[in-house]
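Notes follow once the structure below has been shown.
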Amino acid sequence: MSVFKLDEELSRLTVNGSCAIVDDEDFEEDPTCGEWHKNLLSAHPQAISPTVYLSTSTNGTAAPSKPRRRSSLYDKMAVSTPPNIKRLELAPEEDFQKANQYERRRRSFSKNHEPRSLEDFEPIRVLGQGAYGKVILVKDQYTSKLYAMKQLKKAEILISEEETKEKEPASVNLEKRLERTFAERKILSQLEHPNIVKLFYSFHDHMKLYLVLQFIPGGELFYHLKEQGTLAEDVVAFYAAEISCALRFLHGKGIVYRDLKPENCLLNEKGHLVLTDFGLSKKSVEDTTESSHDGEPITTLHSIIGTPEYCAPEILAGKSYNQNCDWYSLGCLVYDMLIGKPPYTGVNHKVILGKILKDKTPKIPMYLSDGMKDFLGALLRKEVLKRWDVDKFWNVEGPKNKKKKAGQAKTSCFQSHFVFRKVDWNKMESGELQKTTNGPILPIITDWELAENFDTEFTEMRLDSGACQDQINIQQNINPILHRDVFKGFSYVASSSYLERYF
Ligand SMILES: Nc1ncnc2c1ncn2[C@@H]1O[C@H](COP(=O)(O)OP(=O)(O)OP(=O)(O)O)[C@@H](O)[C@H]1O
């Protein structure tokens, strides 16, 4: 889960791209919210979760044996009390006012376009945890819709352990972390693609930033990989095609994803792949669709960032890089799905880094089809200039060289590659395939609120842990910075039409 932050920003280099902090006028005013943690404590003294799985492995060797769900377990699940029940204890006048307020909000949510706050959502269970906070399954109290709420602790963003180690002034690092925080919110609010998670709302309170995302119930591809060991070539090709569509779409908008790994690939209820976590994505200033699709560099980036196993060598070497780094990561992910581990592994980041930078092109097992070997070989080239420029050759053939020099970059059409022979690109690119058919692995979902395709390591976590400590950290350490209101402009509400399209 952890993000690799080896010398996260090279102090000698500057990022050649736009700061993604957005203008205030772009967004709606956000209400402050604060009661949620109290509600949460009273509603959920303990996290509730079944410790059972319904998914079974098709690969007996790789999957650990897990107990099947007994139906009686459902009866034993704790029932959480909706926080609004508390209103019954209020004095009549307050009760009346609150009830009116509730009714007003309920009516406005039916129109779907209202700034949101933490009290609007009932926490159900933890779905995952990242570097700056948790992702929690929540239920909208007014509409009963489920969302994945990504919470980022302001304290973690404002004060990082690295600051004590790094030579750069704290303000430089802070700018970078804020830039990334805003980048995720800004980038996601501009995107609409069937294979990319949707952002519906964002807001913040005195402790945290909140991104209210579409809940993707099928869990991480990582989870299914653990269950199944490895996947068949056709299945892998299908996921590779869906990821490629999402990456191509992002590159066309001038965005480099930079964090492709199995944990960030989720499966939706129909088994289609959805990319999440845009915390490391970067958008360029010169966001011209034409030049990006020509395969020209979107922008030259320098930050060392990402998860090392899936990270392109040029990034790890501290060189400048462009969108092509995402295609190398796709090669690593495809390799992982087929072989059960990424191309370079090791006991720690240093060992992995050494292998990626010094070893030759990774060994591709003989048992893969020739087509798959060719595909992987073209993406896993360490030198960018020798790597397949997928954006350039997305749907066009490059010039045919009669005498192909050894080590030359592949110039054939990406979509026409042998491994994609069963993929209906037209339907996939238009989104029709994702709407009308199921993907190769259909996650078992008996009840969306159970989040049964997520690891019990997370779903059994206490929902409230750490909340009080964060408060103390903020007050003791970062008051001067906090007063600058650096998170102004974070709040966002998707347009009514966008919201209506998905609910
Ligand atoms: N929309 C979603 N629906 C369901 N689960 C989600 C969703 N978004 C995130 N998750 C779960 O939460 C986990 C962590 O989310 P995410 O990667 O966005 O957090 P992060 O803090 O950026 O993590 P990292 O530090 O690993 O980059 C994911 O791996 C996934 O399991």
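One is the number of the first residue; the rest follow in order along the sequence. In each ligand, atom 1 is the first atom listed, and ligand 1 is the first ligand listed.
Between K261 and D336 no salt bridge is recorded (no basic side-chain N to carboxylate O distance below 4.0 Å). Using a 4.0 Å cut-off between a side-chain N of Lys or Arg and a carboxylate O of Asp or Glu, K139 and E449 qualify as a salt bridge. Using a 4.0 Å cut-off between charged nitrogen and carboxylate oxygen, K150 and E184 count as a salt-bridge pair.
In this structure, H272 and F238 have tilted ring planes: the angle between them lies in the 30° to 60° band. Using cut-offs of 30° and 60° on the angle between ring planes, the pair Y147 and Y201 is perpendicular. The aromatic rings of F487 and H204 lie tilted to each other, with the angle between the two planes from 30° to 60°.
At a 3.5 angstrom cut-off on N or O pairs, D277 counts as close to ligand 1. The N/O atoms of L152, backbone and side chain alike, include none that comes under 3.5 Å of an N/O atom in ligand 1. Between E184 and ligand 1, no N or O atom pair is found at a separation short of 3.5 Å.
Residues A451 and R125 come closest through the heavy atom pair CB-CD, 3.7 Å. Here the shortest heavy-atom pairing between C325 and V256 reads SG-CG1, 3.6 Å.
Applying the 4.0 Å criterion to heavy atoms of G128 picks out, from ligand 1, the atoms 12 (O), 13 (C). Atom numbering of ligand 1 starts at 1 in the shown order; those under 4.0 Å from a heavy atom of N264 are 17 (O). Against a heavy-atom cut-off of under 4.0 Å, Q214 is close to the following atoms of ligand 1: 1 (N), 2 (C), 3 (N). Residue E263 has at least one heavy-atom neighbour below 4.0 Å for each of these atoms of ligand 1: 28 (C), 29 (O). Of all atoms in ligand 1, listed by their number and element, those nearer than 4.0 Å to a heavy atom of T276 are 8 (N), 9 (C).
The closest approach between a heavy atom of K261 and any atom of ligand 1 is below 4.0 Å. In this structure, F454 has a heavy atom closer than 4.0 Å to ligand 1.
With a 4.0 Å heavy-atom cut-off, ligand 1 is reached by the side chain of V135 but not by its N, CA, C or O. Contact annotation: for L266 versus ligand 1, heavy atoms closer than 4.0 Å belong to the side chain alone. If you look at V197 next to ligand 1, the close heavy atoms, those under 4.0 Å, all belong to the side chain. Contacts between K150 and ligand 1, counted as non-hydrogen atom pairs separated by less than 4.0 Å, involve the side chain only.
Once rounded to the nearest 0.5 Å, the distance linking CE of M149 with CZ of F200 reads 13.5 Å.
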